[in-house]
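Here is the structure we will look at.
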There are 2 protein chains.
Amino acid sequence: MALPKVGSIGEYIREQRQQAKISLRQLAAAAGVSNPYLSQIERGLRKPSAEILNQIAKGLHISAQALYVQAGLIEDRETPSDVVTAIRADTHLTERQRQVLIDIYESFRKEKRAGDEQTSQNAHPRSDSVADDEQSLPEELRAALEPYAASTGNGTVNQETKEG
Amino acid sequence: MALPKVGSIGEYIREQRQQAKISLRQLAAAAGVSNPYLSQIERGLRKPSAEILNQIAKGLHISAQALYVQAGLIEDRETPSDVVTAIRADTHLTERQRQVLIDIYESFRKEKRAGDEQTSQNAHPRSDSVADDEQSLPEELRAALEPYAASTGNGTVNQETKEG
DNA sequence: CCACTCTGCTTGCAATTGCAAACGAAATGG
DNA sequence: CCATTTCGTTTGCAATTGCAAGCAGAGTGG
């Protein structure tokens with residue numbers, strides 16, 4: 001049934017291995033997996049688990065993410081915005097906090113775009129056409145955030161926020 | 001090695017799920033895995049494959065990398081997703097906006113740390129009031145975020161995850 | 001020619017994944 | 001009180017992972 005449709009990952013591993021000029025058995029030993037299994041992985045007959053994938057990545061001295069992307073386990077275009085990505089990847093926030101933070105960030109971006117239109121004679125034609133009036137731009141939010149930012153009393157942001 | 005010592009990943013998934021306030025079955029359906037299996041994963045009795053992990057990440061609306069890091073499948077330094085760094089590096093924000101975002105982010109972190117101290121005792125939450133059980137936010141911030149967060153329940157305006 | 005070593009591949013088999021079905025507990029309602 | 005729903009969990013089972021053992025071919029050299 002679930003036969004080899006995982007070819008790309010295997011091919012990729014084999015490419016990387018041959019490029020490193022090491023034998024299948026050598027890589028198998030370096031990665032801590034058996035040679036027959038690695039053989040089957042490279043030919044797309046088996047679908048390796050994440051753990052095996054990680055060990056193979058180490059054996060190949062390549063980033064594990066490269067393998068995961070090849071295996072389709074990570075969206076390659078997982079970068080709509082660096083800030084959004086970072087927020088989504090933050091393990092110390094709740095789901096709700098993430099949503100709120102992202103929404104605030106996007107409303108900030110809109111605000112800034114609106115402000116930039118006055119200084120820039122060339123407006124960006126938004127072919128995407130997000131419904132402008134549908135967006136609930138939080139006026140109350142903005143009104144509340146301004147005094148909040150002022151009330152923090154730090155004209156210069158404290159740049160050391162280290163934690164253990 | 002009968003029992004795999006993968007407890008942390010399961011605990012992390014359970015934490016994220018409870019913070020998102022969805023049931024085990026709901027997440028299982030959203031992730032496309034069976035509920036008993038998800039239950040076993042959360043309790044560390046089973047070691048999910050990368051594919052399952054990826055689906056769970058989607059169901060939780062978190063980055064797959066976050067899960068892989070927790071599972072020990074990716075080195076921490078491979079994910080440079082630091083929210084503060086990303087905000088500071090964003091050229092599409094004004095300095096003021098950056099500062100406010102960072103402040104909000106840090107207050108969220110503090111908030112969650114305070115809330116995490118009692119996550120183990122999670123009674124059955126009645127879903128009649130969504131924004132009632134939130135913790136202590138700065139007054140002005142909370143007053144502004146409450147109605148705003150309520151509107152972000154399901155229909156996000158700009159970007160929505162396409163599922164289907 | 002035969003022994004040795006390297007290459008990758010095929011074959012069973014134990015262990016594990018992942019799921020369908022079913023179970024007890026707690027809440028809602030007739 | 002009992003039916004119903006929802007919650008997380010337990011129980012068997014098919015399918016798969018991953019490995020030890022063994023196979024065939026290509027060098028190398030005594």
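Naming: A, B, ... by sequence-line order, numbering from 1 per chain.
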Whole angstrom value for the distance that separates C1' of D:dG8 from CD of B:Gln26:
13 Å
Here the distance between atom C1' of D:dG25 and atom CG of A:Leu24, to the nearest Å, is 15 Å
Considering residues at least two apart in sequence or located in another chain, which fulfil the side-chain hydrogen bond (donor to acceptor under 3.5 Å, both in side chains) criterion with [X]?
X        : result
A:Ser49  : none
B:Tyr105 : A:Asp90, B:Arg109
B:Glu51  : A:Lys47

Is the shortest side-chain N/O distance from [X] to OP1 or OP2 of [N] below 4.0 Å?
X       : N     : answer
B:Arg17 : D:dC7 : no
B:Ser23 : D:dT6 : no
A:Ser39 : C:dG8 : no

Main-chain N/O of B:Ile22 paired with B:Arg17 side-chain donor or acceptor, under 3.5 Å
yes
Pairs counted as Watson-Crick or G-U wobble with both distances under 3.5 Å: what dot-bracket string results for DNA chain C, using | for bases tied to another strand?
|||||||||||||||||||||||.||||||
With sequence neighbours excluded, what pairs up with [X] under the side chain to side chain contact (heavy atoms under 4.5 Å, CB included) test?
X       : value
B:Gln70 : B:Ser8, B:Ile9, B:Tyr12
A:Ala28 : A:Val33, A:Asn35, A:Leu38
B:Arg98 : B:Ile87, B:Leu93, B:Glu95

Salt bridge (Lys or Arg N to Asp or Glu O under 4.0 Å) pairs, two or more places apart, involving residues 29-40 of chain A
none
Between protein and nucleic acid, restricted to nucleotides 17-23 of chain D and to nitrogen or oxygen atoms under 3.5 Å apart, what atom pairs and distances do you find?
unit_1 : atom_1 : unit_2  : atom_2 : d
D:dT17 : OP1    : A:Lys47 : N      : 2.9
D:dT17 : OP1    : A:Lys47 : O      : 3.3
D:dG18 : OP1    : A:Ser49 : OG     : 2.5
D:dG18 : OP2    : A:Tyr37 : OH     : 2.2
D:dG18 : OP2    : A:Ser49 : N      : 2.9
D:dG18 : O5'    : A:Tyr37 : OH     : 3.3
D:dG18 : O6     : A:Arg46 : NH2    : 3.2
D:dC19 : OP2    : A:Ser34 : N      : 3.1
D:dC19 : OP2    : A:Ser34 : OG     : 3.3

